[in-house]
Amino acid sequence: MEFYNKLSSYWKKKFGTRVRKVPLDAGFSCPNRDGTISFKGCTFCNEQGSGTGLFNKDISLKDQYNLFREKLLKKNKSLKLAAYLQSYSNTYCSSRHLTSTLEQITDMKDLAVLCLGTRPDCLNREKCQILASFPAQEIWLDLGLQSSDDLTLQRINRGHKADDFALACTMAHNLGIKVCAHVIAGLPGENIHNFRKTINFINDLPVQGIKIHNLYVCRGTAMAQMWYQGEYTPLSLHEYISWTVQALSRLRPDIVIHRLTGDPAPGELLAPDWAAGKMAVLNDLNKLMAEKMIIQGSQWN
């Protein structure tokens, strides 16, 4: 039994086969790192911006895509692929540059879906129209929210407000783009009530997907300094499982779950230790949902 609306199941039902993401690094930056907003970045963010680093190795987007495509299709030749522009803020550029970036991956073999990660303050209608015109069967905008509490967003040096997310989300939705909201459980100063408010905030918006991450401490981040100084303590595994199950029970049942745990890069994790065991976290989460007979949206109203 599936207790929540998994992305893998959603895609298999829609495309008749499995869909796998291909991470792409197009060399974008972030206004929260280059001085436009701040030089510090979000307090939890690593210097690589959750990317592969392949752009800095002079590997073109086309070659990056084909590199991963070849590896994935060796295991399953019936796969469809989702090109995922992941690193940093992939609309932090001119409209012309965004167009030329997307043109590099147009007409790639087996490409069914475009996924693109960015910040809500790096979007406008013209850029959303460019995304909406991309020739894929489905387009997902991975949009960072993290929290609906503006004080929390200020505390983590996020550089935008919750209303910025709401405006960008609505604008994208009106152009036929699916929005996947990114949220974090266990942010500094927040408790379960704050996290529930973030889930309620998402429920009231035209959001079609969600990624829920645990806040883990990465080397070289401002969060690491807070952790070293005893100013921040990550959630325990028990707390994170409890928070996430409560969130899923309150989440609209139609929202597709893209992720339920963070995935630290090798060598970057400082704390908590359990964040390195992705499958153990998911197994414990499913076990608790089965024990309490909870499914996604069972407490949504």
Side-chain angles (χ1 to χ4, degrees), residues 5 7 10-11 14-15 19 21-24 26 28-32 36-37 42 49-51 82-106 111-148 150 153 158-184 198-213 251-259:
N5 189 11
L7 177 64
Y10 163 80
W11 270 342
K14 176 165 184 173
F15 294 106
V19 179
K21 288 186 178 180
V22 173
L24 299 175
F28 284 98
S29 181
C30 175
N32 206 17
T36 302
I37 296 174
C42 302
S50 299
Y84 183 20
L85 287 159
Q86 181 179 13
S87 305
Y88 294 110
S89 303
N90 291 271
T91 58
Y92 182 45
C93 60
S94 67
S95 296
R96 179 179 294 181
H97 184 70
L98 178 60
T99 298
S100 66
T101 299
L102 294 178
E103 284 175 348
Q104 295 177 55
I105 54 172
T106 300
L111 178 60
V113 180
L114 172 68
C115 302
L116 181 144
T118 193
R119 294 167 52 93
D121 52 353
C122 293
L123 284 167
N124 56 32
R125 184 173 178 80
E126 184 178 11
K127 291 176 183 178
C128 284
Q129 288 173 328
I130 292 168
L131 293 176
S133 67
F134 186 82
Q137 293 171 261
E138 189 168 87
I139 299 168
W140 281 94
L141 185 66
D142 278 51
L143 200 56
L145 171 61
Q146 318 315 347
S147 173
S148 63
D150 284 341
L153 296 179
R158 183 65 187 164
H160 66 75
K161 295 184 177 181
D163 281 349
D164 296 322
F165 176 92
L167 289 171
C169 173
T170 302
M171 179 170 55
H173 171 76
N174 289 342
L175 289 168
I177 300 170
K178 295 180 182 295
V179 174
C180 176
H182 289 215
V183 301
I184 297 177
T198 295
I199 297 301
N200 291 337
F201 180 79
I202 287 170
N203 281 335
D204 290 337
L205 290 171
V207 168
Q208 289 81 33
I210 190 170
K211 287 184 178 179
I212 299 177
H213 294 85
L251 189 69
R252 283 196 342 253
D254 63 285
I255 293 178
V256 180
I257 310 301
H258 287 231
R259 182 181 279 270

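Keep in mind it's a predicted model, so treat the numbers as computed, not measured. The basis for the numbers below is simple: all heavy atoms, side chains too, and nothing from hydrogens, waters or symmetry mates.
When every heavy atom of Ala112 is checked against every heavy atom of Phe15, the shortest pair comes out as CB-CE2, 3.9 Å. When all heavy atoms of Ala26 and Leu85 are compared, the closest pair comes out as CB-CD2, 3.8 Å. Contact record, Leu251 with Ile257: CD2-CD1, 3.5 Å, taken as the closest heavy-atom pair. Between Gln86 and Pro23, the shortest heavy-atom contact is OE1-CB, 3.4 Å.
Within the model, atoms NE2 of His182 and CD1 of Ile212 stand 11.5 Å from one another, a figure rounded to the nearest 0.5 Å. How far OG of Ser147 is from CG of Leu153: 5.0 Å, rounded to the nearest 0.5 Å. Going from atom NE2 of His160 over to atom CG of Asp150 covers 9.5 Å, rounded to the nearest 0.5 Å. Atoms SG and CG, on Cys122 and Asn32 in that order, are 9.5 Å from each other to the nearest 0.5 Å. One finds the CG atom of Leu24 at 10.0 Å from the SG atom of Cys115 (value rounded to the nearest 0.5 Å). In this structure, Lys127 NZ and Ser94 OG are separated by 7.5 Å, a value rounded to the nearest 0.5 Å.
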Check: Stepwise, does the side chain to side chain contact (heavy atoms under 4.5 Å, CB included) test hold for Val22 with Leu111?
Finding: CA-CA 10 Å; Val22 173; Leu111 178 60; over 6 Å; no

Check against side chain to side chain contact (heavy atoms under 4.5 Å, CB included), Val207 and Leu143 | CA-CA 10 Å; Val207 168; Leu143 200 56; over 6 Å; no

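In this structure, the side chains of Asp164 and Lys161 come closer than 4.5 Å at one or more pairs of heavy atoms. Asn5 places none of its side-chain heavy atoms less than 4.5 Å from the side chain of Ile255. Between Val113 and Ile139 the shortest side-chain heavy-atom distance does not fall below 4.5 Å. The shortest side-chain heavy-atom distance between Asn90 and Thr101 does not fall under the 4.5 Å cut-off.
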List, one per line, each side-chain donor-acceptor pair under 3.5 Å for residues 165-179, sequence neighbours excluded.
| unit_1 | atom_1 | unit_2 | atom_2 | d |
| --- | --- | --- | --- | --- |
| Thr170 | OG1 | Ala166 | O | 2.9 |
| His173 | ND1 | Gln208 | NE2 | 3.1 |
| Asn174 | ND2 | Thr170 | O | 3.3 |

Review item, side-chain donor-acceptor pairs of residues 130-138, under 3.5 Å, at least two apart:
| unit_1 | atom_1 | unit_2 | atom_2 | d |
| --- | --- | --- | --- | --- |
| Ser133 | OG | Gln129 | O | 3.4 |
| Ser133 | OG | Ile130 | O | 2.8 |
| Glu138 | OE1 | Trp11 | NE1 | 2.8 |
| Glu138 | OE1 | Trp140 | NE1 | 2.7 |
| Glu138 | OE2 | Tyr10 | OH | 2.5 |
| Glu138 | OE2 | Lys14 | NZ | 2.7 |

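Here Asp254 pairs with Arg252 under the salt bridge (Lys or Arg N to Asp or Glu O under 4.0 Å) rule; sequence neighbours left out. In terms of the side-chain contact (heavy atoms from CB on, under 4.5 Å) criterion, residue partners of Ser148 (sequence neighbours excluded) are, by chain and number, Lys197, Thr198, Phe201. Residues meeting the side-chain hydrogen bond (donor to acceptor under 3.5 Å, both in side chains) test with Asp121, sequence neighbours left out: Arg119.
Applying the salt bridge (Lys or Arg N to Asp or Glu O under 4.0 Å) test to every pair with at least one member in residues 199-211, sequence neighbours left out, gives these pairs: Asp142-Lys211.
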